[in-house]
Number of protein chains: 2
Amino acid sequence: MNRFLSHATNRIDAKGRVSVPSSFRGVLATLDIRELYCFQDFVFPAISAGGPELLDRFERQIAGEDPFSPQANEMSLLIHGGGVFMKLDQEGRLMVTDFIRDFTGITNEVTFVGRADHFQLWAPQVFQETQAAARQERRLRGLRPG
Amino acid sequence: MNRFLSHATNRIDAKGRVSVPSSFRGVLATLDIRELYCFQDFVFPAISAGGPELLDRFERQIAGEDPFSPQANEMSLLIHGGGVFMKLDQEGRLMVTDFIRDFTGITNEVTFVGRADHFQLWAPQVFQETQAAARQERRLRGLRPG
DNA sequence: CCAAATCCCATTGACCCCCATATGGTCCCA
DNA sequence: TGGGACCATATGGGGGTCAATGGGATTTGG
């Protein structure tokens, strides 16, 4: 599989590590991603993670603007100041640092959520509620599959 | 037959597996669908399942919008985070995971419901009631098939 | 020199391949 | 028309494999 799909919840162990779901690790291997670029999501209280080219994309977007514009400045504040590179250990586990905990509210468990070209780390409860709200709104707008 | 029709209820075994009705498997074979894209339905407490092109259709819909818009983000949360690929075992059975149980309320039995280009997994009781309610509403509005 | 991060190995349990059995329907023939 | 052979589907379960998890031992960095 070549994109991140579905969601799964894993436990954080006594050392503060959590296993990244095997299917996600498979995608990382397929895309030859060895290091994760993680940043505080722009919309949700979640950490988004993907390959380094994700950061490249953001930077190209900035480069297309006036480097002294408020937009470019703001964007850099988010993607540089709110981003970090992380690596998995050999069992495919990730350290859940305060960088992650503070922004997401994660404590004991992490819900991994696939987003096609990247995935996210959520506090389980928050994900449930946010997804339910999105579904509700979609229903009100009368949209359907197809 | 080239579309999913009718409904049937099958038992979940001790290992949490359930047989997909043979007629549905026949449709899958006809359409050359080897992997199921399953997602949490937008309207009903049911899991919808179809071929991978179902996801493609959703993604094309997203691609038509601003990728950073709240709508696109929300849609991705549902179809990527709320969707998963699943495969049948060689006997044509499906694992009933918590992903399915939590969203549908399914426990011992699954009602499979044909929806033309896809099919759905329901808790039997919920399906009965929802279908009865739909029939009732239709009657009140004085509408008839045809 | 201490605390934290990483390596390495063990355990547990879930999932999947494979084969066996049950159940119900259809067809054929006497 | 009734009985029985035959077949497809649904269901049950053994056992191997792999992912998630736990924790001791070693290294790294401040």
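Sequence lines set the chain letters: A, B, ... in the order given, protein chains first and strands last, and positions in each chain run from 1. Computed from heavy atoms alone, side chains included, the values below leave out hydrogens, waters and symmetry copies.
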Can you name the closest pair of heavy atoms from A:F44 and A:F103 and give their distance?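 Answer, listing the atom of A:F44 first, then A:F103: O-CE2, 3.8 Å.
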
Tell me, for nucleotides 16-22 of chain C in 5' to 3' order, what letter each nucleotide earns: B for a base near a protein heavy atom under 4.0 Å, S for only sugar-phosphate near one, - for neither? BBBB---

So what does B:S22 touch, heavy atoms closer than 4.0 Å: a base, only the sugar-phosphate, or nothing?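 Sugar-phosphate contact only - B:S22 comes under 4.0 Å of backbone atoms but never of a base.
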
So what does A:V20 touch, heavy atoms closer than 4.0 Å: a base, only the sugar-phosphate, or nothing? sugar-phosphate

Could you note down all residue pairs passing side chain to side chain donor-acceptor pair (under 3.5 Å) where residues 123-133 of chain A supplies at least one of them, sequence neighbours left out? A:Q125-A:E129, A:Q131-A:R135, A:Q131-B:Q40

Parallel, tilted or perpendicular for A:H118 and A:F39, by the 30°/60° rule?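 Rings of A:H118 and A:F39: tilted, as their planes differ by 30° to 60°.
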
Hey, what's the ring geometry for A:F4 with A:F24, parallel, tilted or perpendicular (30° and 60° as the breaks)?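 If you compare the ring of A:F4 with that of A:F24, the planes turn out perpendicular.
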
Nearest-Å distance for atom pair CZ/C1', residues A:R25 and D:dC18: 10 Å

CG of A:D13 versus P of D:dA19: gap in Å, rounded?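 Going from A:D13 (CG) to D:dA19 (P), I get 18 Å.
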
For side-chain hydrogen bond (donor to acceptor under 3.5 Å, both in side chains), just list the numbers for B:E59 and B:H80, CA-CA rounded to whole Å, side-chain angles, deciding distance to a tenth of an Å, and then say yes or no. CA-CA 9 Å; B:E59 289 187 334; B:H80 295 129; 2.7 Å; yes

Quick check on salt bridge (charged side-chain N to carboxylate O under 4.0 Å, His left out): which of A:R17, A:R11, A:K15 does A:D13 satisfy it with? A:R17

